[in-house]
Q: 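Sharing a structure, written as structure tokens. Questions coming.
Each ligand, and each atom within it, is numbered from 1 in the order the structure gives.
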Amino acid sequence: MVTKSTLKKLAKEHGTPLFVVDHDELRRNYAEFKKYLPRVQAYFAVKANSLPAIVRTLYKAGASFDVASMPEFMIVYENIKEMPAKQRQDWIWDKIIYANPIKATETLEQLDQYKPLVTFDNSEEIKKIKRHAPHAGLALRLKVPNTGAMVELSSKFGAAPGEAVDLILEANKAGLVVEGLSFHVGSQTTNFENYVQAINLAANIFKEAKDRGYKKMNLLDIGGGFPAPYDASVKPFRELAKVINREIDRLFPKEVQILAEPGRFLVATTATAISKIIGKAVRDGKLCYYINDGVYHTFSGVIFDHCHYHLKSFKKGATQICSVFGPTCDALDVVSMAENLPDLQLGDLLYSENIGAYSHASSTYFNGFPPAKVVHVNQ
Ligand SMILES: *Cc1c(COP(=O)(O)O)cnc(C)c1O
């Protein structure tokens with residue numbers, strides 16, 4: 001981890017708000033994923049943090065990528081393109097999956113030249129793909145239980161298990177090749193049973209497809225959802241990995257390629273946000289700090305990701321429960337209503353750890369305040 005003295009030094013050198021990304025931590029997270037899930041190729045979900053430097057470090061470590069828009073596709077494509085050829089595998093399927101089940105026709109037209117692997121979950125999408133990206137390979141996105149996930153995803157995407165094989169056969173009839181299945185158990189899934197149920201559902205659909213004469217399925221994409229260790233209540237990754245390995249080895253022969261799309265797990269712990277206290281007031285008896293970063297910026301996860309970040313002070317002293325507000329004029333811009341902080345002065349710094357996922361990636365320019373400056377360490 002980046003030490004407190006390094007954080008202070010960086011803030012002094014670069015100013016605030018600052019978003020510090022530790023690439024050693026990024027490599028450690030990727031290595032941990034591979035160590036405990038050796039059979040699974042990790043396609044980093046770029047939406048969790050789309051900084052090109054992160055894409056490059058993960059590529060060098062051996063990762064592939066999950067993208068969900070043409071700009072994300074190009075971030076990966078352009079950054080991989082510059083890499084020495086020996087590090088470039090026989091992509092594009094090896095390196096990129098376009099995992100948004102709904103794609104605009106313009107997007108399909110642009111993607112087709114790359115012969116991409118894309119997901120789908122409905123009949124209209126089959127027609128669209130056939131017409132606008134006939135060279136694409138397909139993976140059917142299944143709807144699976146998202147019980148207890150911090151961010152639920154099953155209400156928006158996924159074919160019901162009962163219609164899955166019909167859709168596979170329909171795509172096949174249209175002249176497309178369905179390579180396999182994908183699912184997402186919900187982000188920050190601490191209920192490991194979601195993975196067990198989803199892998200078993202997928203195995204049943206593989207079997208039904210085979211029984212009904214479709215034998216080209218060779219890929220299972222177990223999606224994202226792997227929980228980041230935000231607090232001690234999150235069980236260690238190796239325990240989840242043990243459950244996943246048991247199920248995939250039991251249900252899927254070695255020839256079936258297993259992919260995953262970890263987002264949060266790879267990047268959450270890699271970044272620290274440093275902000276400055278720009279205002280201070282007592283309201284209804286409660287001490288309120290105003291900082292120069294907020295929910296329209298690095299703390300966007302408070303709104304979009306149902307995530308709570310703790311603010312820490314570099315200074316010691318008796319603490320009290322405070323509110324911490326962002327810099328914009330919107331009353332929604334509340335970073336926290338209950339942080340334990342000492343009595344601080346204007347100009348003092350605060351920092352928040354484990355803020356690498358779904359944070360800077362959804363920063364805006366609202367109210368004229370630009371996103372935090374990014375610095376990379378141990379790159
Ligand atoms: C968001 C998303 C991911 C990443 O999810 P995490 O919970 O961050 O691991 C992976 N795949 C798809 C299709 C997604 O939409």
Q: For ligand 1, which is the ligand I care about here, please tell me if Gly263 has any N or O atom under 3.5 Å from one of the ligand's N or O atoms.
A: yes
Q: The test is ring pair (Phe, Tyr, Trp, His ring centres under 6.0 Å); show your working for Phe226 and Phe33 and say whether it passes.
A: CA-CA 10 Å; Phe226 310 93; Phe33 193 91; 5.1 Å; yes
Q: Any Lys/Arg nitrogen of Arg28 or Glu25 sitting under 4.0 Å from an Asp/Glu carboxylate oxygen of the other?
A: yes
Q: Set out, in order, the CA-CA distance, both residues' side-chain angles and the distance that settles side-chain hydrogen bond (donor to acceptor under 3.5 Å, both in side chains) for Thr269 and Asn29, then state yes or no.
A: CA-CA 8 Å; Thr269 59; Asn29 289 345; 2.9 Å; yes
Q: One pair to check against side-chain hydrogen bond (donor to acceptor under 3.5 Å, both in side chains): Asp293 and Thr298. What are the steps and the verdict?
A: CA-CA 6 Å; Asp293 203 347; Thr298 311; 2.7 Å; yes
Q: Checking a contact table here: which protein heavy atom is nearest atom 11 (N) of ligand 1, and how many Å away?
A: Glu261 OE1, 2.5 Å
Q: Using a 6.0 Å distance limit plus a 45 degree cone around the ring axis, check whether Lys103 lies over the aromatic ring of Tyr98.
A: no
Q: Evaluate the side-chain proximity of Leu51 to His376: yes if any heavy-atom separation is below 4.5 Å, no if none is.
A: yes
Q: Could you establish whether Pro262 and ligand 1 come within less than 4.0 Å of each other, counting only heavy atoms on the residue side?
A: yes
Q: Answer with yes or no after comparing the ring centroid distance for Phe237 and Phe265 against a 6.0 Å cut-off, counting only values under it.
A: yes
Q: Compare all side-chain heavy atoms of Val144 with those of Tyr195 and state whether any distance is below 4.5 angstrom.
A: no
Q: For Asp66, counting its heavy atoms only, list the atoms of ligand 1 lying under 4.0 Å from any of them.
A: 10 (C), 11 (N), 12 (C)
Q: Name the closest protein heavy atom to atom 2 (C) of ligand 1, giving the residue it belongs to and the distance to 0.1 Å.
A: Lys47 NZ, 2.3 Å
Q: For a 4.5 angstrom cut-off between non-hydrogen side-chain atoms, does Asn367 reach Cys329?
A: yes
Q: Using a heavy-atom cut-off of under 4.0 Å, does the side chain or the backbone of Thr189 touch ligand 1, or both, or neither?
A: neither
Q: Report, in ascending order of atom number, the atoms of ligand 1 lying under 4.0 Å from any heavy atom of Ala99.
A: 13 (C)
Q: Identify the closest protein heavy atom to atom 8 (O) of ligand 1: which residue and atom is it, and at what distance?
A: Tyr358 OH, 2.6 Å
Q: Which atoms of ligand 1 are found less than 4.0 Å from any heavy atom of Arg264?
A: 6 (P), 8 (O), 9 (O)
Q: Identify the heavy atoms of Ala63 and Lys95 that sit nearest to each other, and give their distance.
A: O-NZ, 3.0 Å
Q: If you count the atoms of ligand 1 from 1 in the order shown, which ones are under 4.0 Å from a heavy atom of Arg141?
A: 13 (C)
Q: How far is atom 7 (O) of ligand 1 from its nearest protein heavy atom, and which residue and atom name does that atom have?
A: Ser187 OG, 2.4 Å
Q: What I want to know is whether Gly225 and ligand 1 share at least one N or O pair that is separated by under 3.5 angstrom.
A: yes
Q: Heavy-atom contacts with Ala45 under 4.0 Å: which atoms of ligand 1 show up? List them by number with element.
A: 3 (C), 4 (C), 10 (C)
Q: If we only consider heavy atoms of Ala48, is any one of them less than 4.0 Å away from an atom in ligand 1?
A: no
Q: Please report which non-hydrogen protein atom sits nearest to atom 5 (O) of ligand 1, along with the residue it belongs to and the distance in Å to one decimal place.
A: His184 NE2, 2.9 Å
